[in-house]
Amino acid sequence: MNANGEITSDLRAGRREWIGLAVLALPTLLMSLDISVLYLALPQLSRGLGADSTQQLWILDIYSFMLAGFLVTMGTLGDRIGRRKLLLAGAAAFGAASILAAYSVNPQMLIASRALLGIAGASLMPSTMALIRNMFRDPKQMGAAIGIWFACFMGGMTVGPLVGGLLLEHFWWGSAFLLGVPVMALLLVVGPRLLPEYRDPNAGRLDLASVALSLAAILPAIYGLKELARDGAHALPVASLVAGVAMGAVFVLRQRGLANPLLDLRLFANRTFSTAMGVGLGAGVVMAGTTLLSSLYLQTVQGLGPMDSGLWLLPQNVAMVAGSMVAPALARRIRPAYVIATGLLIAGAGLVAHTQVPAVDGLPLLVTGLVLASFGIALPMSLTMNLIMGSVPPEKAGSAASITETSGEFGVALGVAAMGSLGTFVYRTELTDGLPSGVPAGAADTAHQSITAALGAAQQVGGQLAADLVETARVAFTSGLNVVAAVGATVFIGLAVLSAIVLRDSGVPAGQPAQPEDTDAAGAVLASVN
């Protein structure tokens, strides 16, 4: 940086770094695509392998369990042994596990393969973000790079159902897993040539006891949250959540006493880091719960099939991609805190629209609300990541990235559990108040479990009573969606105020002259993609 406070040319990324970003986009795109494809492949693979309902749940959940459990360990490990080395090792493991998953001969083998995929995935995500932090030292360029990275992740979520549908229509279910093999092979070939190596020379040894404690804290907590969201409050998930919190406390105490902790708790003393983390966590909780209920609304209230429901959810992913690309450009001209606050207010406006979604003909308003919420939330999601990575020293980039992504996993699990429970509470209350007279006690008890159960109970009742029960259940579920959206809008407005106040002086100061666009770098990105 020169005397005028401007970033000097030796810190600005060039052609090599931007092409390297295209390489880092490969695992990001693949992992998000892999998640969305699996939901389409689940019915076929369940029939092919004879998986029962419990095994199906483990096939879906084991990946996120392992991913969340190992993120902190892998992020810190990358700081110690080198981010590129860990990324390439993870790519090789991910490709091998993908082949095992594709050719699984029974549910147990597929569950084990998915567990390996989760562990390998935990090594990929922090490594890519840490490398971006080290490759792009200019805050504006780093913001643009993170925006591209985030857009690639959402792009994978967008095209996943389309790619998965084509594969499953022409090939067997295992083809969905083989998508990762050529992508990881390409990364292994070009990664050593285009990606630099970074490590923390003063990181010290990896504390294995801390690794065990982190797993003992994260895995039970995530499991407990998922089970609470799925089946409500029962002894096992509650005990699991309590055990996870207790182990988390032990983990924190151990980190405070170590000279080289697995997780550097001093990162949270940085106001920008902790506030941006809080905004990201809150946004994840709200959007996870809202998207879940919106998806259920499409299928149970509007009566759409899974494929049609997925297509109606595509506009929100496109909006999120657009928002993640617009955010860095806005932050070059306006204080990042104000862009973040504006995005949260736009997202809040989308959820206000959700509060007005009716049980009949509510599809246009629902999709409009989702598009607004998704575009708005993309602004803070990409910029808070930029603030988080910019607020930590380069040698702590892997640890910071792993904390952020672990928080994201908790946000999704907590959002599904908390917002889902709120929606269920409202649904049951409304159903009790409006239940048609004459519904048999057994059918009424079944209907109170969920709207899906209510639709099944209506088939057993038959006649006009069945139609009345279906209508009542749909109205009750829609009321739950409206209430969840109102709570989410309130949270977004609160986060907008917090961001505008606390993050006001974070990031690139307002009025600082923008650096000229790196046209050579942009051309390199386009050339590498094409």
Side-chain angles (χ1 to χ4, degrees), residues 64 221-235 237-238 240-242 244-245 278-302 309 313 316 344 347-359 362 365-366 369-370 372-374 376-377 407-435 445-455 472-496:
S64 60
I222 292 289
Y223 172 79
L225 288 171
K226 282 182 173 287
E227 289 300 306
L228 287 172
R230 183 177 294 132
D231 298 322
H234 294 288
V238 171
S240 180
L241 183 58
V242 170
V245 172
V279 170
L281 177 63
V285 168
V286 172
M287 288 304 294
T290 304
T291 302
L292 169 68
L293 293 182
S294 298
S295 178
L296 288 173
Y297 174 90
L298 291 172
Q299 296 183 59
T300 59
V301 178
Q302 295 297 313
S309 298
L313 291 174
Q316 75 169 112
L344 288 166
L351 293 189
V352 169
H354 257 59
T355 66
Q356 304 303 309
V357 171
L365 192 55
L366 180 92
L370 282 176
L372 279 174
S374 298
I377 206 63
S407 173
E409 291 291 325
F410 271 104
V412 171
L414 184 59
V416 170
M419 295 301 208
S421 297
L422 175 60
T424 299
F425 173 78
V426 175
Y427 164 79
R428 290 173 176 169
T429 303
E430 293 289 322
L431 189 68
T432 299
D433 294 339
L435 194 68
D445 291 340
T446 301
H448 276 84
Q449 296 176 13
S450 68
I451 186 173
T452 305
L455 298 179
T472 303
R474 287 174 171 171
V475 170
F477 182 86
T478 304
S479 297
L481 173 64
N482 298 152
V483 171
V484 165
V487 172
T490 304
V491 171
F492 279 159
I493 293 171
L495 290 176

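The structure places CG of N482 at 7.0 Å from CD of Q356, a figure rounded to the nearest 0.5 Å. Note: L344 CG to I377 CD1 = 5.0 Å, rounded to the nearest 0.5 Å. In this structure, NE2 in H354 is found 8.5 Å from CG in L293, a value given to the nearest 0.5 Å.
What you find for S240 and Y223 is that their closest heavy atoms are OG-CD2, 3.4 Å. Nearest heavy atom pair, residue G434 against residue T472, reads O-CG2, 3.3 Å. Residues H448 and R428 approach most closely at O-NE, 2.8 Å, considering heavy atoms. Summarising the geometry of S294 relative to L366, their closest heavy-atom pair is OG-CD1, 3.9 Å, with the distance given to 0.1 Å. Between A489 and V352, the shortest heavy-atom contact is CB-CG2, 4.0 Å. Shown here for L351 and G488, the closest heavy-atom pair between the two residues is CD1-C, 3.5 Å.
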Going through the distances and angles, do L422 and V487 end up as a side chain to side chain contact (heavy atoms under 4.5 Å, CB included)?
CA-CA 10 Å; L422 175 60; V487 172; 3.8 Å; yes
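The side-chain heavy atoms of V301 and L481, taken from C-beta on, include no pair separated by under 4.5 Å. Two residues are said to be in side-chain contact when any heavy atoms from C-beta on lie closer than 4.5 Å; I451 and L296 fail this criterion. Annotation: side chain of L292 is not in contact with side chain of M419 (no heavy-atom distance under 4.5 Å). Looking at L495 and V286, their side chains never come closer than 4.5 Å, going by heavy atoms from C-beta outward.
A distance-only check finds a donor-acceptor pair linking the side chain of S479 to the backbone of V475 [under 3.5 Å].
Using bins of under 30°, 30° to 60° and over 60° for the plane-to-plane angle, the ring pair F477/Y427 lands in the perpendicular bin.
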